[in-house]
Amino acid sequence: MKVRTRFAPSPTGYMHIGNLRTALYEYLIAKTNGGDFILRIEDTDQKRFVEGAEEIIYNTLKRVGMNWDEGPDIGGNYGPYVQSERKPLYAEYAHKLVELGGAHYCFCSAKEADEQKDDEQNIKFKDPCKHLSLEEARARIAAGEPYVIRQTVHKTGTSVFHDVVYGDIEIDYDELDEGVLLKSDGFPTYNFANVVDDHLMEITHVVRGNEYISSTPKYNLIYEDFGWTPPVYVHVPQVMKDAQHKLSKRNGDASFQDLVAKGFLPEAVLNYICLLGWNPGTDEEIFSLEDLKKVFKMERINKSPAIFDITKLTWMNGCYIRALSSEAFHEMALPYYKQVITRELNFKVLSEVLQPRTEVLGQIPEEIKFLENVADYSVELYNNKKMKTDPEVAKKTLALAYEALKEQSSWDNDTLFAALKALAEKEGLKNGQILYPVRIALSGRETTPGGATELAVILGKEETLKRISEALQKLA
RNA sequence: GGUCCCAUCGUCUAAUGGUUAGGACACCACCCUUUCACGGUGGCGAUACGAGUUCGAAUCUCGUUGGGAUCACCA
């Protein structure tokens with residue numbers, strides 16, 4: 001049987017990290033088994049629908065290269081792939097389930113049911129409608145009375161099911177509540193739509209967060225009552241913000257699109273989240289989606305929750321940035337340059353200097369804004385013990401450097417560095433006594449991406465000489 | 001509260017009864033070096049606790065503690 005997995009998000013306007021990781025695992029389980037990955041939109045809750053949310057889902061999956069084989073936009077043999085378009089189907093199956101004894105009509109209001117139950121005291125809603133005869137129930141429906149269809153838990157004892165990650169799980173049937181399957185607006189709940197669709201779409205592996213573990217026996221009961229075969233279950237642990245809280249939009253935690261907006265590369269984010277709760281069993285950590293298709297094994301998914309660590313993602317993003325071709329990096333970095341730079345610079349050299357130093361693209365503007373303007377700085381900066389410089393030394397060496405640089409006709413790093421090095425030798429100075437002050441003069445900062453001569457190349461001859469003479473005035 | 005699940009360095013994790021408990025991030029030190037970074041070398045640092053089974057336990061069993069999930073006409 002062909003492996004088929006599905007990613008079934010509800011369009012609530014946001015793709016969070018845990019969701020994306022679930023999608024990744026679903027994709028990989030399909031692709032490592034030569035199967036199909038299906039996209040299904042679960043929009044049965046009309047109140048939560050967010051305009052444009054579907055687009056975010058499509059764009060995110062496309063951005064990371066997880067192409068779906070069937071879905072709302074491209075169709076397939078098991079459509080439609082949007083649950084609101086499948087509405088009549090659920091009603092049909094729900095009524096059928098009533099006939100099969102797996103569900104019953106209920107005329108109680110949501111409020112009535114809610115008032116009866118008590119979580120603390122473990123009191124469940126006991127539906128009086130359960131005892132209505134089918135004829136009576138149908139008569140009331142025919143009379144126009146609003147109703148829902150509730151699941152009937154008709155078994156006792158212990159339900160056992162197997163999960164790829166968690167092993168065998170046992171839950172007593174009397175723990176199961178008889179939840180609503182078909183709402184009074186005619187839409188199914190997740191609990192029902194999910195089972196019907198997974199069956200009709202021939203989904204073989206259901207991958208979802210482990211918060212569904214406790215309701216899985218209810219779903220299995222539905223499969224059983226219909227005479228259908230349940231899927232293989234792969235419940236995955238939560239992705240946490242810290243030991244107590246899971247990542248969520250409410251906490252203001254970063255979504256995939258937030259991370260990308262901050263300058264994280266989609267490939268790096270995907271690589272990182274894959275390793276949250278899964279590992280290949282080797283020491284390797286850097287994996288492209290193509291690599292993962294070769295090494296992923298669902299049996300190696302962990303049971304315990306994993307905390308999302310932005311520091312490690314940042315490191316990994318740096319790895320991806322360094323692995324970029326210099327052209328690719330340059331192109332990606334350019335928009336960030338433009339945020340703070342209006343003057344003409346040697347951007348090509350700037351990119352060469354920045355690439356090994358950049359971990360997140362969003363850091364770039366802050367790192368380079370001194371190239372646009374030198375912020376006011378204290379002459380104390382010229383004090384550096386290791387370089388054996390102070391404002392007095394700087395005054396002298398900057399003047400020498402000015403003259404030496406003024407005479408240079410070719411303006412590249414090797415030439416400039418050789419010239420200043422030769423100057424130091426000639427004057428009996430340490431390299432640093434010239435280079436350090438020049439770097440301060442050009443940047444006004446204690447540390448900079450690149451050294452003195454690299455900054456000079458980036459700034460160009462005219463601006464370099466201008467900044468050195470301004471520094472000399474400051475030191476005078 | 002009932003039920004279910006989880007528990008190795010700060011974090012992500014490896015070790016499917018026998019390892020000086022391994023790797024990665026972070027941190028620290030040193031090397032490289034025109035500052036910073038990159039790169040290299042090294043260091044710090046964990047089996048939650050208590051019993052049991054066993055020649056031998058991070059690993060199996062039980063208990064304790066801690067955490068999480070679930071108990072919607074949300075998914």
Side-chain angles (χ1 to χ4, degrees), chain A residues 8-10 12 42-45 47-48 106 108-110 113-114 117-125 146 148-150 163 165-166 169-172 174-177 179-185 187-191 193-194 208-217 235 237-238 240 242-246 272 275-285 302-316 318 322 353-359 367 384 386-387 413 417 420-421 424 430-436 438-440 443 445-455:
Chain A
S10 56
T12 52
E42 307 215 331
D43 60 345
T44 56
D45 186 355
K47 293 188 269 308
R48 295 215 304 174
C106 171
C108 303
S109 70
D114 197 51
K117 64 192 277 301
D118 187 325
D119 294 343
E120 289 306 303
Q121 292 186 53
N122 199 25
I123 298 170
K124 297 204 178 308
F125 170 57
V148 299
I149 293 181
R150 280 185 185 276
D163 183 87
V165 175
Y166 289 93
I169 306 226
E170 298 185 11
I171 292 172
D172 281 350
D174 56 16
E175 287 297 323
L176 272 31
D177 53 13
V180 171
L181 265 23
L182 197 74
K183 304 183 226 179
S184 52
D185 64 3
F187 275 93
T189 60
Y190 166 85
N191 298 324
N194 182 260
R208 51 156 80 123
N210 66 8
E211 67 268 26
Y212 291 98
I213 285 180
S214 31
S215 38
T216 298
H235 287 96
Q238 302 282 356
M240 309 289 284
D242 56 46
Q244 277 74 33
H245 310 280
K246 61 184 229 176
Y272 176 70
L275 261 18
L276 243 30
W278 175 86
N279 75 81
T282 66
D283 284 345
E284 277 176 85
E285 292 193 296
N302 288 136
K303 294 177 172 70
S304 42
I307 298 172
F308 180 85
D309 180 11
I310 191 87
T311 309
K312 182 144 187 179
L313 170 60
T314 302
W315 163 78
M316 191 171 277
R322 273 172 258 133
V353 163
L354 243 28
Q355 187 171 359
R357 284 166 239 262
T358 303
E359 289 193 297
E367 277 301 298
N384 187 300
K386 199 178 156 202
M387 296 297 133
N413 191 51
F417 186 67
L420 292 184
K421 203 175 161 185
K430 284 190 52 143
N431 289 347
Q433 289 177 297
I434 294 179
L435 294 165
Y436 190 83
V438 168
R439 205 170 48 74
I440 301 292
S443 67
R445 296 193 354 171
E446 197 174 1
T447 63
T448 55
T453 55
E454 284 162 319
L455 295 184

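Naming convention: chains lettered A, B, ... in sequence-line order (proteins, then strands); numbering from 1 in each chain. Side chains included, hydrogens not; waters and symmetry mates left out as well; all remaining heavy atoms used.
- At a threshold of 4.0 angstrom between heavy atoms, the contacts of M316(A) with the nucleic acid are absent.
- Counting atom types as modelled, R439(A) pairs a side-chain N or O with a base atom of rU35(B) as donor and acceptor under 3.5 Å.
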Between protein and nucleic acid, restricted to nucleotides 62-64 of chain B and to nitrogen or oxygen atoms under 3.5 Å apart, what atom pairs and distances do you find?
none

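- Contacts of R439(A) classified as salt bridge (charged side-chain N to carboxylate O under 4.0 Å, His left out), with partners at least two apart in sequence or in another chain: none.
- In this structure the side chain of K421(A) reaches within 4.5 angstrom of the side chain of N431(A), judged on heavy atoms.
- Residue-level contact check: Q355(A) touches neither bases nor backbone, having no heavy atom under 4.0 Å from any strand.
- For D174(A), the side chain to side chain contact (heavy atoms under 4.5 Å, CB included) partners two or more places apart in sequence, or in a different chain, are D172(A).
- When the nearest nucleotides of RNA chain B are assigned to G451(A) and E175(A) by heavy-atom distance, the more 5′-ward of the two goes with E175(A).
- Closest to the side chain of T311(A), out of rA26(B), rG68(B), rC6(B), is rA26(B).
- Contacts of N413(A) with the nucleic acid, taken as non-hydrogen atoms under 4.0 Å apart, include base atoms.
- Residue contacts shown for D119(A) include a base, since a base heavy atom lies under 4.0 Å away.
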Pairs under 3.5 Å (N/O, protein and nucleotides 8-14 of chain B):
| from | atom 1 | to | atom 2 | distance (Å) |
| --- | --- | --- | --- | --- |
| rC12(B) | OP1 | I307(A) | N | 3.1 |
| rC12(B) | O2' | L275(A) | O | 3.1 |
| rU13(B) | OP1 | G277(A) | N | 2.6 |
| rU13(B) | O3' | N279(A) | ND2 | 2.8 |
| rA14(B) | OP1 | N279(A) | ND2 | 2.4 |
| rA14(B) | OP1 | N302(A) | ND2 | 3.4 |

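- When heavy atoms are screened at a 4.0 angstrom cut-off, A452(A) is found touching base atoms of the nucleic acid.
- Under the salt bridge (charged side-chain N to carboxylate O under 4.0 Å, His left out) criterion, R357(A) pairs with no residue at all, not counting sequence neighbours.
- Shown here are the side chain to side chain contact (heavy atoms under 4.5 Å, CB included) partners of N279(A), two or more places apart in sequence or in another chain: R300(A), N302(A).
- Phosphate proximity of rA75(B) to K183(A): present, with a side-chain N or O under 4.0 Å from OP1 or OP2.
- Nearest-nucleotide mapping onto RNA chain B: of T448(A) and V180(A), the residue sitting toward the 5' end is T448(A).
- Judged as a ring pair (Phe, Tyr, Trp, His ring centres under 6.0 Å), and not counting sequence neighbours, the contacts of Y272(A) are F308(A).
- Partners of Y190(A) under the ring pair (Phe, Tyr, Trp, His ring centres under 6.0 Å) rule, at least two apart in sequence or in another chain, are Y212(A).
- The side chain of S184(A) lies closest to rC73(B) when the candidates are rA69(B), rC73(B), rU33(B).
- When distances are taken from the side chain of Y166(A) to each of rC6(B), rC71(B), rA75(B), the shortest belongs to rC6(B).
- The stacking criteria are not both satisfied for Y436(A) over the base of rU34(B), which would need a centre-to-centre distance under 5.5 angstrom and an angle between ring planes under 30 degrees.
- Within 4.0 Å (heavy atoms only), S214(A) reaches sugar-phosphate atoms of the nucleic acid but no base atom.
- E42(A) comes within 4.0 angstrom of sugar-phosphate atoms only, judged by non-hydrogen atoms across all strands, and of no base.
- Residue Y212(A) is classed as a base contact, given a heavy-atom separation below 4.0 Å to a base.
- With sequence neighbours left out, the salt bridge (charged side-chain N to carboxylate O under 4.0 Å, His left out) criterion links K312(A) to E285(A).
- The interatomic distance linking E120(A) (CD) with rU70(B) (C1') rounds to 13 Å, in whole Å.
- Note: CD1 (I434(A)) to C1' (rU34(B)) measures 11 Å, nearest angstrom.
- Between atom CG of residue N194(A) and atom CD of residue E42(A) there is a gap of 5.5 Å, rounded to the nearest 0.5 Å.
- The side-chain heavy atoms of L420(A) and T453(A), taken from C-beta on, include a pair separated by under 4.5 Å.
- For T453(A) and rU34(B), a side-chain-to-base donor-acceptor distance below 3.5 Å is present, hydrogens and geometry of angles not being considered.
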Footprint string (nucleotides 39-48 of chain B, 5' to 3'): B base within contact, S backbone only, - free, heavy atoms under 4.0 Å: S---------
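- Under the side chain to side chain contact (heavy atoms under 4.5 Å, CB included) criterion, S10(A) pairs with T12(A), R48(A), not counting sequence neighbours.
- If you check every strand for non-hydrogen atoms under 4.0 Å, C108(A) touches a base.
- Take E120(A) and apply the side chain to side chain contact (heavy atoms under 4.5 Å, CB included) test, not counting sequence neighbours, and it matches D118(A).
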